[in-house]
Each structure stands twice: as structure tokens, then as C-alpha cells.
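What you see is a predicted model, and the numbers here were worked out from it, not measured in a lab. Below, read A as the first sequence line, B as the second, and so on, with proteins coming before strands; counting in each chain starts at 1. Note that these values count all heavy atoms, side chains included, but never hydrogens, waters or copies made by symmetry.
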Amino acid sequence: MVKPRVLFVGTGFFAATILEALFDTSTLVGAVTQPPRPQGKNKERLDNPVAVVAKEKNVPLLTPDKIGTSFEVLEALTPDVLVVADYGQIIPERILLLPPHGALNLHPSLLPRHRGATPIESAILEGDDITGVTLMVMDSKMDHGPVVAVIEHKLSGNETVLELEAVLASKAAALLTSTLPNYLEGTVTPHAQEHSKATFCKMLTREKGYIDGSTTVLQALRMYRAYQPWPGIWTTVTVNNKPKRLKLLKVKEWKDFLPEDTNVLFRNDDKLGLKLADGALIIEEAQLEGKKVQPAKDLINGLRV
RNA sequence: CGGGGGGUAGAGCAGUCUGGCAGCUCGCGAGGCCCAUAACCUCGAGGUCGCGGGUUCGAAUCCCGCCCCCCCAA
């Protein structure tokens, strides 16, 4: 069988894992990814995961500011199909319709649940029992097209977003490579999503990681697992009469402990606690605004808890 | 020219505004107490107050320059 000519479009780790899998099972005519953005303290322009893999495998790499402007270039690559994962840009419909077999998208959730930018985080945040990866035909609306195939994944309730992303990425790669030939031969029939059951998730912001005394322990722990490494969970404390952000980098539940007349930040022996709505967290590592990461012991000493 | 916080004993921090004995908590050492302890008590060691210059009788503190760390924003 002739390997399909695939044009890959994606950006992050999830996408890069899929690109790697495609390398063996298809002819990659090109990889489109976001241009390198300045990041980190030195504002370095680092290659994203897809760019790294593409260079490693000698796949032609394209990094247009807007993919819509590259229509002619992409057309010249004569792909059979477009495979999109975690790209981070809206792709114009004329690009989606460019290859004879259209565009497929791998979305790390069980569509129509968690349409949008942060499906993996949302599954953890909402305490889903099960999630998965959906392979779908793209149409003009976001994560809206007919479903080609699905693979499920049961959640333990303890995984972090990074762990879950890694699992879903490899499942996505397996789902795509096993399904793509059948799709191209027309032996699988995509079926429409139940649009009435759709839920949507929005992009994350720093503010979403804020917790305080009105947050429940369950919420806080879900946020803690969903928001690593960014935006993380944080609260505010008063230092020298000024409010400061305290990033909570390592926490766990303070089991069997219900603080009553304590401050929001409190101490019990050598443990540092944060009082929440229905219990407390043990803070093991945190970072005060402008300071380095500190273990609980140093925070107790410095903050005079 | 992006906005801001910081550098003081091994660790984390006060003190700086308003110049006048180098402090706090922890750790470390010695001793004590105790059936016992990471608890408690007593004593002790440990400082180039980031670096350089200036003002002053006197600078961690005020002025000028420099180095380094971090938060936010992108």
C-alpha cells in the first residue's frame, strides 16, 4: 500500500508525539507550526516541540504567522490529507478543504465534551471519570465536525495534566495510525456529534489559579493537578502590610484536620497549613513573589507563621 | 528604554523611611531536664550587612555607579 501524503499542523508536546508516529506510517510532505515565540527570562526564541521533531526527521517545516497566508505553498505540497493537533490557530476553511481527503483533527477529549483550547485540564478540573481522544473531520466550527474514531482513557483522579497529556498523546498517535488508512479508503463513516451535549473550555489565565478560604479542598487539589506547570495555584499573603502572591508549588491534603480559629496560613508543629472552605492543605513548597522557591520550614521562619 | 520586589550568620527574614552597640526564628555546638523525644530550659560559636566609590565624628541605613536573584507583563 502506498503511504498517504500527510501535511501535519500542530505545535505542542501532544502534537509532536503524533508527528513522530506519522513519520513511520506516512509520507510527511510538511509540518506547519507556530513561529518561535520569545519565552523565558532571556526572551529566547526556542523551537516548539513540533519544530524540534520536524527538524530531527527532516520534514519540511513551515512557520507562518497566519496559516491562511500560506495557501499556495501548502497546495504545492499536494497532500492527501491534513492532520491537525494542538495548533493554536484557527485554520481557514479553504485550507481545510485543500487536500482531497480534507482535514482531520485529534482532540484530547471525548467530543462533544470539552471543545476548545484546554480539554485535558478541563477533564481533571471537572473530575471526569473518563476521558480520551477523538479523531474527527474538521469543519468551519471549532471541534464541531463528524467523529471518525474515539479511544477512551479512564482517569484515576490523581493524575496531573502533564501525565495525562503524555498518555493521551500516545493513545492519539495509536488511534491515528490505526484509523487513517481506513479513513482514506472510505471504509469508516464519520458520524455527527451530538451537538446539544457540547461543553466548551476556555484558555487558561493566571487568575484561574487563585485559591483562598472560599475554595474547597477538592477544588484546590483538582486545580493543583490541572494547572501544572502553568498557571499553577496561588493565594495571597500579607508581608510587611503588603499583599504578595504565594505560588503553591507542592501541596497535599491535610487529612483529618479541620482548622477552626486559625489564620488562613497556620502552623502545626513543623507543618505549614493553608485553611480552605472545608479543610486545609499542607504546603510543602511555595514561592513568595520576588523570592525563590522555599520549603515549608523556611516559609515558617521567614513569614513568622 | 516594559512594571515591580529583593541581596544582612549555614537557612529564612526584621532593621533602612527618621544615620548612633548586628537583631529574630530555625539550624549547628556544649550542658541541663526527662522513662523518652523532632518537645522544653541554659550557655555558646558563627557577619566583608552583594561589589566599588562618595557624604559624615559616625553608614546595613543617605548619595552615585556596578553585579546578581526573583515576581509580573510579553
(request) Answer yes or no: does atom CD of A:Glu194 have more than 12 heavy-atom neighbours from other residues, nucleotides or ligands under 6.0 Å? (result) no

(request) Assess the pair A:Phe266 and A:Trp254: is the distance between their ring centroids shorter than 6.0 Å? (result) yes

(request) For B:C17 and B:A59, measure between their P atoms and round to the nearest Å. (result) 14 Å

(message) Tell me whether the side-chain N/O atoms of A:Lys291 come closer than 4.0 Å to OP1 or OP2 in B:C13.
(response) yes

(request) Using a strict cut-off of less than 4.0 Å between a Lys/Arg side-chain nitrogen and an Asp/Glu carboxylate oxygen, indicate whether A:Lys247 and A:Glu285 qualify as a salt bridge. (result) no

(request) Under a 3.5 Å limit for both distances, which nucleotide forms a Watson-Crick or G-U wobble pair with B:C49, could you say? (result) none

(message) For the P atoms, the ones on B:A22 and on B:A60, what distance do you get once it is rounded to whole angstrom?
(response) 8 Å

(request) Can you tell me the distance, in whole Å, between the CG atom of A:Leu272 and the C1' atom of B:G12? (result) 13 Å

(message) Both A:Leu299 and A:Lys242 contact RNA chain B. Which one's nearest nucleotide lies toward the 5' end?
(response) A:Lys242

(message) Just the rounded figure in Å: distance from P of B:U37 to CG of A:Asp270.
(response) 18 Å

(request) Write down the distance between CG (A:Asp298) and C1' (B:C70), rounded to a whole number of angstrom. (result) 16 Å

(request) Let me know the distance between CD of A:Glu289 and P of B:C13, rounded to the nearest Å. (result) 13 Å

(message) Between B:C69 and B:G12, how far apart are the two C1' atoms, rounded to whole Å?
(response) 15 Å

(request) Report yes if a side-chain nitrogen or oxygen of A:Gln294 is closer than 4.0 Å to either non-bridging phosphate oxygen (OP1 or OP2) of B:A11; otherwise report no. (result) no

(message) In whole Å, measure the gap between the C1' atoms of B:U25 and B:A14 for me.
(response) 10 Å

(message) Could you tell me how far B:C62 sits from B:G15 if I compare only their C1' atoms? Round to whole Å.
(response) 16 Å

(request) Report which part of the nucleic acid A:Lys244 touches: base, sugar-phosphate, or nothing (heavy-atom distance under 4.0 Å, all strands). (result) sugar-phosphate

(request) Supply the atom-to-atom distance A:Tyr224 OH to A:Glu253 CD, rounded to the nearest 0.5 angstrom. (result) 13.0 Å

(message) As a test of reading the structure: which of B:A73, B:C70, B:U25 is closest to the side chain of A:Asn301, going by heavy atoms?
(response) B:U25

(request) Please state the C1' separation for the pair B:G53 and B:C1 - nearest whole angstrom. (result) 26 Å

(request) Give the rounded distance in Å between these two atoms: NZ of A:Lys297 and P of B:C24. (result) 18 Å

(message) Less than 3.5 Å apart, any donor N or O on the side chain of A:Asp128 or A:His114 sitting next to an acceptor on the other?
(response) yes

(request) Measure the shortest side-chain to side-chain distance between A:Met223 and A:Ile211 over non-hydrogen atoms and say whether it is less than 4.5 angstrom. (result) yes

(request) Taking only Lys NZ, Arg NE, NH1 and NH2, and the carboxylate oxygens of Asp or Glu, determine whether A:Lys154 and A:Asp129 approach each other closer than 4.0 Å. (result) no

(request) Go through B:A14, B:A11, B:C72 for me and flag the one nearest to the A:Lys247 side chain. (result) B:C72

(request) Provide the Watson-Crick or G-U wobble partner of B:G44, both distances under 3.5 Å; none if there is no partner. (result) B:C28

(request) Would you indicate which nucleotide in B:C26, B:A14, B:C71 comes nearest to any side-chain atom of A:Val239? (result) B:A14

(request) Considering only atom C1', compute the distance from B:G7 to B:U48 and round it to an integer number of Å. (result) 14 Å

(message) Can you tell me which nucleotide in B:G12, B:C72, B:G5 comes closest to the side chain of A:Arg245?
(response) B:C72

(message) Tell me whether the side-chain N/O atoms of A:Lys292 come closer than 4.0 Å to OP1 or OP2 in B:G12.
(response) no

(request) Figure out the CD1/C1' separation between A:Ile300 and B:C13, and round it to whole Å. (result) 14 Å

(message) In this structure, how many angstroms lie between the C1' atom of B:C71 and the CG atom of A:Leu288, rounded?
(response) 9 Å

(request) Please state how far atom CD in A:Gln287 lies from atom P in B:G4, giving the value in whole angstrom units. (result) 20 Å

(message) Say we look at B:G52 and B:U61: how far apart would their P atoms be, to the nearest angstrom?
(response) 13 Å

